[in-house]
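All values derive from a computational prediction rather than experimental measurement.
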Amino acid sequence: MGGDKLCSTSVVVCVRNDSSPSASASRWKSRSSDASTIDSIWQRNEQIFQTVVPATASAFRLSTFSSQLWRCTPPPLCDVAKPFSPCAGQKHLKFEDCQRGREVGFVTNDPNFGVRHDGMVYAVQDVSNLSEPVQFMVTAKGLHEPRVWETTVKLALAGHPHPLALPVPNKSFPRHKRGSAANGLRRQKRDWVIPPINVPENSRGPFPHLLVRIRSDQDKDVGIRYSITGAGADQPPSGIYNIDPISGNMFVTQPLDREDRASFHLRAHAVDMNGNQVENPIDLYIYVIDMNDNRPEFQNQVYNGSVAEGSKPGSSVMQVTATDSDDSTTANGMVRYRILSQTPHSPIPNMFTINSETGDIVTVAAGLDREKVSQYTIIVQATDMEGNLNFGLSNTATALISINDINDNPPELTVRTFSGEVPENKVNVVVTNLTVVDRDQPHSPNWNAVYRIVSGDPTGHFTIRTNPITNEGMLTVVKPVDFEMNRAFMLTVVVSNQAHLASGIQSSLQSTAGVTISVQDVNEPPVFPVNPKVIRFEEGVPAGTTLTVFAAQDPDHFIHQIVRYSKLSDPANWLKINRTNGQITTMALLDRESIFVKNNVYEATFLAFDNGSPPASGTGTLQIYLIDVNDNAPVLIPREAQVCDRARPNSRINITAADADADPNVGPFVFELPSFPASVRRNWTISRLNGDYAQLKLRISYLEASVYEIPVIVSDSGNPPLSNRSTIRVKVCPCDDNGDCSATGAVAAAGLGTGAIIAILISIIILLSMVLLFVVWMKRREKERQAKPLLIDPEDDVRDNILKYDEEGGGEEDQDYDLSQLQQPESLDHIINKPAGVRRVDERPAIAESQYPVRSSLPHPGDIGDFINDGLRAADNDPTAPPYDSLLVFDYEGTGSTAGSVSSLNSISSGDQDYDYLNDWGPRFKKLADLYGGGDDD
């Protein structure tokens, strides 16, 4: 559009204009008696004022505000074309009446502009010659309502160098009427509250930007200096605001960020040139006006939600949330949501919708089917400015909606009839696998199959277990089947899920199937009809007695087979069985008291086997209950005891008997002394205590201390009774006052006299003395050996390299040498028969050998080393070599040796020999070279 434009930048505030400022102030005071309540009321009004009146709050007189406010809808920007006709450039100015629905009339205080009943603002006359912004008041009043609403409209020509720039407001320090001392204290008029200053955030400058001018009405009389204090001035964040100390002009020095700090509270001060306070400080409230400079931000970039398949329209799915750092009370921070896309588009492209304000996602159509689409991907957009796509900022997030499975698909067996085979007498055998198809979520209760046998198995031979991996039904035998009784089974099987079918879903006809099972005949082992079989016999039956016939039956009625018998277990080897008919016969006496009999029962196991293919065998147990007979005589207990040599009341021996038999062939027992020898009944007597016990005691007053063998005859109560002559060994000894045998008396009773005891003690002492003397002699001998001095000087001790041949040790008497090794062997068989290998140089050759080569008088130093190494290698590789600590023959030259007799050597003539060659033999012969090589020099 061409030409200049008029634009309105104000926002509308509805003010309830009840009365004058003084009436309003008095009404505040009547509501509360303290200043804090008044301040709180102002703070509430101030907040609403700041919210609905940005940037122009200083243009209103706040004294006309009461404690009640109404919010009105702000007018849009005007866009008026030139030339300006009375009906051109109309814009709506809408007041939202709190009474709702009543007719409102509008009046302006500028004759150049008017407002129609529908809120349309229009120019009454041509205003094309406007050179400065114009400001006028619009008043709204209901036809039948005494209350009045007002707002300010500011207009400026588009393209004006300072659009809407109004004169800088002056903030004057309030005047205070001070009372004199003579008149006493007088009530002061309450100060005006300075309206807040509104500054938009993210302003591009230029900076510093003038905000307001602070002045005192006393600046005409005295020189005034102005200053500001508080956060943003002289406190962190300092330097944002400053003031000209002379003119009182207050500036902002940098762009502001409402999200960093939304308001500032400063105090303005006025002092004279001497620093004396001229005016009371006034409070300045600066509010940062929000701009739409922040996009909505989702709390998560990806949201996960779920909804059950088959859900009805309107079912809640999930909620997405986005936040905007801008002011949430303005359109800048009001976020709206919408769905951009849905993937896949099945069954329709718009299966979901979102609440634009809350972000709740719900279904809008039926037809969710997990078996067709298991997950949807939704792109959600959040836009501020109440969702205005032209002016708002947007952001997106992804919502993944999983379709939860419900049991809307019954399981279906793949075939109508299954078949299988099972051998008889087998358990835990899988007959067949029942396969099933279920389209619900695998491995969930809606998918897991449960099988039931509804007919055809009244005795419970079969069960169906579910394979947890494949969901197949494993038809298994749990009770053996008998071919001779049932050759086939016809089962009816029904399959269902662990979870019940969803409402309205019917079970499928294919959930039922039949199973045909054929029983295979196998060779069954013979079976003993009574197992175990119990018979009763008296012990002691003679060998060859027939006890019973232990026969088995072959369950294979359709096949004629021969059954044979054998013995499997017979611990005492008392029995034998007839191989053909199973007759049991004894081979020895049956003894109830045998260790193989437990609780009077002897147990043996027999084997019955047929001639089938393959042969089958069965076992049977025969239990023989042995009836006791009196075949064991009683035995006296105890076998040893002791009493005092003098008859005392407590010097008695309690005796009893043990009988291997059982009742009634045991006690009561009869104890008596034999008539021979006569001394037994003369010295001893037996008195009966009860059926099992008796007492043996001295008949005479004194009996010499010794050991006595006393025979006692014990008889049991069997029919006929059995008797046993037993002997009890009784030690008679002198006793102390308590009736206990003394030590000497016990020894005496053992048959040792005083002389014998002394001889034993002396022998023990002599033996200990000999041991002590031997130990002392051994230690002394060891010390003598350690104290024996060396035969050579320690400095000349070369035992590391040269062996000592002059130390003979203890002599030949304590070293068992085999001197025959030094003699010529009489037989050479052990050498002749020796296998081929390394020749031992310490043995006599088996056959005549050639003469050793004549060595030079000055042998090469390496010859001796080679000789020693050859001998060492031969000894290591010969398993017949004698041990290292035996006498070894180091060289046997045989007959005809090139060496002469040793007796021909004369040590006196050794001086003519040159031994300097010993120095060439290495460090091992250095000592020998020093002894002989330098003889002339010595």
Check: So among Asp290, Asp293, Asp384, which one has a side chain to side chain donor-acceptor pair (under 3.5 Å) with Asn332?
Finding: Asp290
Notebook entry, point to check: What is the distance from atom CG of Asp221 to atom CG of Asp272, rounded to the nearest 0.5 Å?
Noted result: 12.0 Å
Next item on the list: Begin with the C-alpha distance, continue with both residues' side-chain angles, and end with the deciding distance and a verdict on side chain to side chain contact (heavy atoms under 4.5 Å, CB included) for Arg370 and Leu368.
Entry: CA-CA 7 Å; Arg370 190 205 65 84; Leu368 292 175; over 6 Å; no
Next item on the list: Indicate yes or no for a side-chain donor-acceptor contact from Gln218 to the backbone of Lys220 under 3.5 Å, with no hydrogens or angles considered.
Entry: no
Notebook entry, point to check: What orientation do Tyr376 and Phe352 show, parallel under 30°, tilted 30 to 60°, or perpendicular over 60°?
Noted result: perpendicular
Checklist line | Tyr226 to Ser216 - nearest heavy-atom pair and separation | finding: OH-N, 3.0 Å
Notebook entry, point to check: Do the non-hydrogen side-chain atoms of Asp283 and His265 ever get within less than 4.5 Å of each other?
Noted result: yes
Check: Sub-3.5 Å donor-acceptor pair from the side chain of Arg267 to the main-chain atoms of Ile282, do we have one?
Finding: no
Item checked: Test item: side-chain donor near acceptor, Asn294 and Asp324, under 3.5 Å -> no
Check: Counting distance only, does the side-chain N/O of Tyr337 pair as donor-acceptor with the main-chain N or O of Ala322 below 3.5 Å?
Finding: yes
Notebook entry, point to check: Looking only at atom types and distance, does a side-chain atom of Arg213 sit under 3.5 Å from a main-chain N or O of Ser247, one as donor and one as acceptor?
Noted result: yes
Checklist line | Minimum-distance pair of heavy atoms, taken over all atoms of Val317 and Thr363 | finding: CG2-CG2, 3.9 Å
Next item on the list: Please report the C-alpha distance between Arg336 and Glu357 in whole Å, then the side-chain angles of each, then the deciding distance to 0.1 Å, and finally whether the side chain to side chain contact (heavy atoms under 4.5 Å, CB included) criterion is met.
Entry: CA-CA 5 Å; Arg336 297 295 181 264; Glu357 295 185 1; 3.8 Å; yes
Check: How about Ile214 and Leu284: do any of their side-chain heavy atoms sit closer than 4.5 Å?
Finding: yes
Item checked: Residue pair Pro208 / Phe251: nearest heavy atoms and the distance that separates them -> CB-CB, 3.7 Å
Next item on the list: May I ask you to check whether Ser325 and Glu259 show a side-chain donor-acceptor distance below 3.5 Å?
Entry: no
Check: Does the side chain of Ser203 reach to within under 4.5 Å of the side chain of His209, using non-hydrogen atoms?
Finding: no
Check: If only atom types and distance count, is the side chain of Glu201 paired as donor or acceptor with the main-chain N or O of Arg258 below 3.5 Å?
Finding: yes
Checklist line | Full working for side chain to side chain contact (heavy atoms under 4.5 Å, CB included) between Met273 and Val222 | finding: CA-CA 8 Å; Met273 302 301 293; Val222 294; over 6 Å; no
Note to self: Do Asp217 and Glu279 make a side-chain contact, defined as non-hydrogen atoms from C-beta onward lying under 4.5 Å apart?
What the structure shows: yes
Check: Between Asp257 and Val288, which heavy-atom pair has the shortest distance, and what is it?
Finding: C-CG1, 4.4 Å
Next item on the list: Check each of Asn388, Asn202, Asp326 against Asn292 using the side chain to side chain contact (heavy atoms under 4.5 Å, CB included) test, and report the only one that passes.
Entry: Asp326
Next item on the list: Given side chain to side chain contact (heavy atoms under 4.5 Å, CB included), test Thr398 with Ile379 step by step and report yes or no.
Entry: CA-CA 5 Å; Thr398 302; Ile379 305 300; 3.6 Å; yes
Note to self: Given 3.5 Å as the limit, does a donor-acceptor pair link the side chain of Asp234 with the main chain of Thr229, or not?
What the structure shows: no
Check: Within a strict 4.5 Å, meaning less than it, do heavy atoms of the Val199 and Phe264 side chains meet?
Finding: no
Margin query: Restricting to non-hydrogen atoms, name the atom on Thr321 and the atom on Tyr303 that form the minimum distance, rounded to 0.1 Å.
Written below: O-OH, 2.9 Å
Note to self: Main chain of Val115, side chain of Thr108: is a donor-acceptor contact present, judged purely on distance under 3.5 Å?
What the structure shows: no
Notebook entry, point to check: How close do Val138 and Phe106 get, heavy atom to heavy atom, and via which atoms?
Noted result: CG1-CD2, 4.3 Å
Checklist line | CE-OG distance between Met334 and Ser356, expressed to the nearest 0.5 angstrom | finding: 12.5 Å
